[in-house]
Amino acid sequence: MKILRIAHHGVVQAWRERERQLRDLDSDVTMLSARRWNEGGRRITLDSTPDTFVTGVRTFGRHPNAFLYDPVPLWRALRENPDVIDLHEEPFSLATAEVLLLRAMRRMTTPFVFYSAQNIEKRYPVPFRWFESYALRNAAGAYACNSDAAAILSRKGLRGLSRVIPLGVDTTRFAPDDRSTPSSRPVIGYVGRLESHKGCDVLLHAASANPSWDVRITGEGSAYTDLVALTDSLGIADRVSFLGFAEDAQLATRFQDLDVLAVPSLETPRWREQFCRSAVESMASGVPVVASRSGALPDVVGDAGILTDPGDPDALSDGIARALEPSTWTSLRIRGLERARTLTWPHIAMQHRDLYRDAVSENDIGRDIVPHIIIVAYGPPDLLEVALRNLGGTFPVTIVDNSSSLETQHVANAHHATYLDPGKNLGFGAGVNVALRWLADNGMDSNDVLLLNPDAQISAKGIATMHADLHARPRIAAVGATQVDPANGNTARVWWPFPHPARAWLEAIGLSSVNRARGFAIGSILLLRAEAIKAVGRLDERFFLYAEEVDWQKRAVDSGWSIAVSSVDAMHIGGATSEDGSLREQYFHASAELYIRKHFGNAGWQIYRSAMIAGAFARSILLSTSRRRSAAARLLLYLNGPVRALELS
């Protein structure tokens, strides 16, 4: 499998171990990283030795969610047609938006996954909110380093796979030294960025009450000067060492020199600990961890450390004192080593490999199974004959004949289609369900299903295109078809907004032109995904002639699926199977009433109905004679209630 990973943090050599392990698992990994980036409070320059799979890319901007890559290397990497794109960037970031824009410009349907650590639910400003929404809707999957971040992605509308995959640790580098008890003069350490929210001041206050401790602080950051001043004011400067930045072997040695690692992170309205690599590296080094009960720390540390209330020096002091008790220290050391073994890079790489395979295979489910065509027929079979002839016998067809016509049966037999006679006119929705039940009873419910009106025309090539588009990315429930108007050859409108009480008022006041949202695709030619049918259910049989496909697509979208439209050659004659225009009008508005009541309740229906009455009343006065009569008829229909009027007709 060819994997393109894009991750600015790859500038740190130790953090590329995931990619090395993936390559050991026979994955063809290419990585693009920042050439230079600030990690751990220091600006690091990429050293790709010995990782030939990584390429440094120039970046513009310093904020991890508000920077851009040089697009040229990205464009070239996408040209290699990877099987999956892994964006180790937040879904709302500029970098994610940039890569997905380039992917779209290349007209690629390659599945992509992204990373998230954001464990505070935030509503981002435009355009970051748009970037996030697009990524959530279109990603094949996402992986988060903590459970809170994964839950937030789901609540915000992630439609693809969701996995919690922690960050890993190199246990060949971070390993315990040979000792069985803590030092007689304990060494308490901190490893990480020196920023106010990291809580180093809490550690220093705790140390001031424990003169037997030595404190060693590894890291750089904006709080350095304030922390040095605090050690002077607390009178502990002689036993607090600021050691600066460290990595690789030097960092591993610093962990081994500690008796306890303190992680005194604080919570702010905009930040809480998202993972904490140093806690895992400390456990792998056989050093007990005392951490704040904050953010992801309880998940990361588990029972292998001691948790204390954040921001409380006394609580931190008590926690460290408990950890230094010989029996507790030994127990925590053993549990920490066991915990670290579950977080090794080989384990993490296998979880990523499984995510990639599932992301790709989810698109492939049903791709190789020929879609089954369902046609609900009624009336003369002339247009049905044309529709079947255009298909060329390429796909299996089931015809449900609501008119119980011998002529229709002959046409079905001539084209080797399965013919089902329900014995009466059930309406479109119930007719489709007859065919769906027949498919299930005959072991064909894994087939995607094309709903084709008998007066609609599309070629086998067009259906193949729709089927490919249906499986171009996960969580596409249905694909419609572009169509031309048979009367003039112009492009017909196939995208429509879902009916809504508020949108009805836009229509009433003459602002229908702004109501162009892409909600559902018209159902004359509509391909449904087999998995979506199982998840969403069959069509609602209360809709006799109209809105059944709108209702189904609404239910699908509300369940986290999406709708698409394929660019194909197709047309729909429209109304050709029914000659009674006034009856079609009644069915249409009765279905609208049923739909609004179902999804918005009686209050929503009254708002919708009042808009229709207001609009019809205005048109009955302002329009020309023939259109005025039509508006007056609609006004009367809504005054009486469309469902009630249909029942009385």
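For reference, positions follow the sequence shown, starting with 1.
- Side-chain contact check for Val565 versus Thr482: some heavy-atom pair is nearer than 4.5 Å.
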Check the pair Asp441, Arg437 against salt bridge (charged side-chain N to carboxylate O under 4.0 Å, His left out), reporting the backbone distance first and the verdict last. CA-CA 6 Å; Asp441 291 343; Arg437 283 190 288 270; over 6 Å; no
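- What you find for Gln457 and Ile573 is that their closest heavy atoms are NE2-CD1, 4.4 Å.
- Closest approach of Ser147 and Val164 over heavy atoms only: CA-CG2, 4.0 Å.
- Rounded to the nearest 0.5 angstrom, Leu355 CG and Arg357 CZ are separated by 12.0 Å.
- Phe520 and Phe498 have their aromatic ring centers within a separation under 6.0 angstrom.
- Remark: Phe600 CZ is packed, more than 12 non-hydrogen atoms of other residues, nucleotides or ligands lying under 6.0 Å away.
- Taking a 6.0 Å sphere around CZ of Arg518, one finds it holds 12 or fewer heavy atoms contributed by other residues, nucleotides or ligands.
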Evaluate the criterion salt bridge (charged side-chain N to carboxylate O under 4.0 Å, His left out) for residue pair Arg634 and Glu507; output intermediate values, then yes/no. CA-CA 14 Å; Arg634 184 172 298 182; Glu507 300 268 351; over 6 Å; no
Salt bridge (charged side-chain N to carboxylate O under 4.0 Å, His left out) for Lys156 and Glu121? Distances and angles first, verdict last. CA-CA 9 Å; Lys156 283 190 169 185; Glu121 193 155 354; 5.9 Å; no
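- Between Pro82 and Met108 the shortest side-chain heavy-atom distance falls below 4.5 Å.
- Residue Phe128 holds its CZ atom at 15.0 Å from OG of Ser133, rounded to the nearest 0.5 Å.
- Distance check, rounded to the nearest 0.5 Å: CG of Leu646 to CG of Leu545 gives 10.0 Å.
- Side-chain contact between Arg597 and Asn602 is present, with at least one heavy-atom pair separated by less than 4.5 Å.
- Test Val397, Leu527, Ile374, Leu391 against Leu452 for side chain to side chain contact (heavy atoms under 4.5 Å, CB included) and you get one pass: Leu391.
- Under the 4.0 Å criterion applied to side-chain N and carboxylate O atoms, Arg389 and Glu385 are assigned as salt-bridge partners.
- Counting non-hydrogen atoms of neighbouring residues, nucleotides and ligands closer than 6.0 angstrom, the CH2 atom of Trp130 reaches no more than 12 such neighbours.
- In terms of modelled atom types and a separation under 3.5 Å, the side chain of Asn402 and the main chain of Leu426 share a donor-acceptor contact.
- Side-chain contact between Arg137 and Ser562 is absent, with no heavy-atom pair separated by less than 4.5 Å.
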Take Leu384 and Ile399, measure what side chain to side chain contact (heavy atoms under 4.5 Å, CB included) needs, and give me the verdict at the end. CA-CA 10 Å; Leu384 172 63; Ile399 297 172; 4.1 Å; yes
Let me see the working for Tyr124 and Gln118 under side chain to side chain contact (heavy atoms under 4.5 Å, CB included), right down to the final yes or no. CA-CA 12 Å; Tyr124 302 105; Gln118 183 52 259; 3.3 Å; yes
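- Residue-environment remark: CZ (Arg123) stays at or below the threshold of 12 foreign heavy atoms within 6.0 Å.
- Between Leu450 and Ile525, some side-chain heavy-atom pair lies under the 4.5 Å cut-off.
- Aromatic ring orientation, Trp438 versus His372: tilted (interplanar angle from 30° to 60°).
- The minimum heavy-atom distance between Val99 and Leu74, with the atom names listed, is CG2-CD1, 4.0 Å.
- A side-chain donor-acceptor contact under 3.5 Å links Arg609 to the backbone of Leu639.
- Using a 3.5 Å distance cut-off with no hydrogens or angles, the side chains of His589 and Glu585 do pair a donor with an acceptor.
- For the pair Leu136 and Phe114, the minimum side-chain heavy-atom distance is below 4.5 Å.
- Asp421 and Gln409 are not linked by any side-chain donor-acceptor pair at a separation below 3.5 angstrom, with hydrogens and angles left out of the test.
- Of all heavy-atom pairs spanning Ser446 and Ile369, the tightest one is O-CD1, 3.9 Å.
- By the 30° and 60° cut-offs, the orientation of the rings of Tyr595 relative to Phe543 is tilted.
- Counting only N and O atoms by type, the side chains of His352 and Tyr143 include no donor and acceptor under 3.5 Å apart.
- In plain terms, the two heavy atoms of Val376 and Gly431 that are nearest each other are CG2-C, 3.8 Å.
- Side chain of Asn442 to backbone of Met444: no donor-acceptor contact under 3.5 angstrom is found.
- The number of heavy-atom neighbours closer than 6.0 Å to NZ of Lys461, taken from other residues, nucleotides and ligands shown, is 12 or below.
- Rounded to the nearest 0.5 angstrom, Ser524 OG and Glu549 CD are separated by 8.5 Å.
- For the atom pair CG (Leu636) and OG (Ser620), the distance works out to 11.0 Å, reported to the nearest 0.5 Å.
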Walk me through it: do Ile152 and Arg155 pass the test side chain to side chain contact (heavy atoms under 4.5 Å, CB included)? CA-CA 5 Å; Ile152 288 170; Arg155 286 198 297 273; 3.3 Å; yes
Using side chain to side chain contact (heavy atoms under 4.5 Å, CB included), reason through Trp552 and Ile533 one step at a time and then give a plain yes or no. CA-CA 9 Å; Trp552 190 89; Ile533 295 173; 4.1 Å; yes
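- For the pair His471/Arg529, a side-chain contact is recorded, criterion being any heavy-atom separation below 4.5 Å from C-beta on.
- Glu593 places a side-chain N or O within donor-acceptor distance of the main-chain N or O of Val643, the cut-off being under 3.5 Å.
- Screening Phe428, Phe588, Tyr587 for a ring-ring contact (aromatic ring centres under 6.0 Å, His included) with Tyr546, the sole residue that qualifies is Phe588.
- With respect to Arg163 and Asp358, a salt bridge is recorded, a charged nitrogen being found less than 4.0 Å from a carboxylate O.
- The number of heavy atoms from other shown groups lying within 6.0 Å of CG (Asp569) does not exceed 12.
- Counting only N and O atoms by type, the side chains of Asp86 and Tyr356 include a donor and acceptor under 3.5 Å apart.
- In this structure, His88 and Tyr115 have parallel ring planes: the angle between them is below the 30° cut-off, well short of the 60° mark.
- Between Asp551 and Arg555 there is a salt bridge, since at least one side-chain N of the basic residue sits less than 4.0 Å from a carboxylate O of the acidic one.
- Here the straight-line distance linking atom NZ of Lys598 with atom NZ of Lys554 works out to 11.0 Å at 0.5 Å rounding.
- Among all heavy-atom pairs drawn from Ser591 and Ala547, the shortest one is CB-CB, 3.8 Å.
- Between Leu78 and Ile85 there is a side-chain heavy-atom pair separated by less than 4.5 Å.
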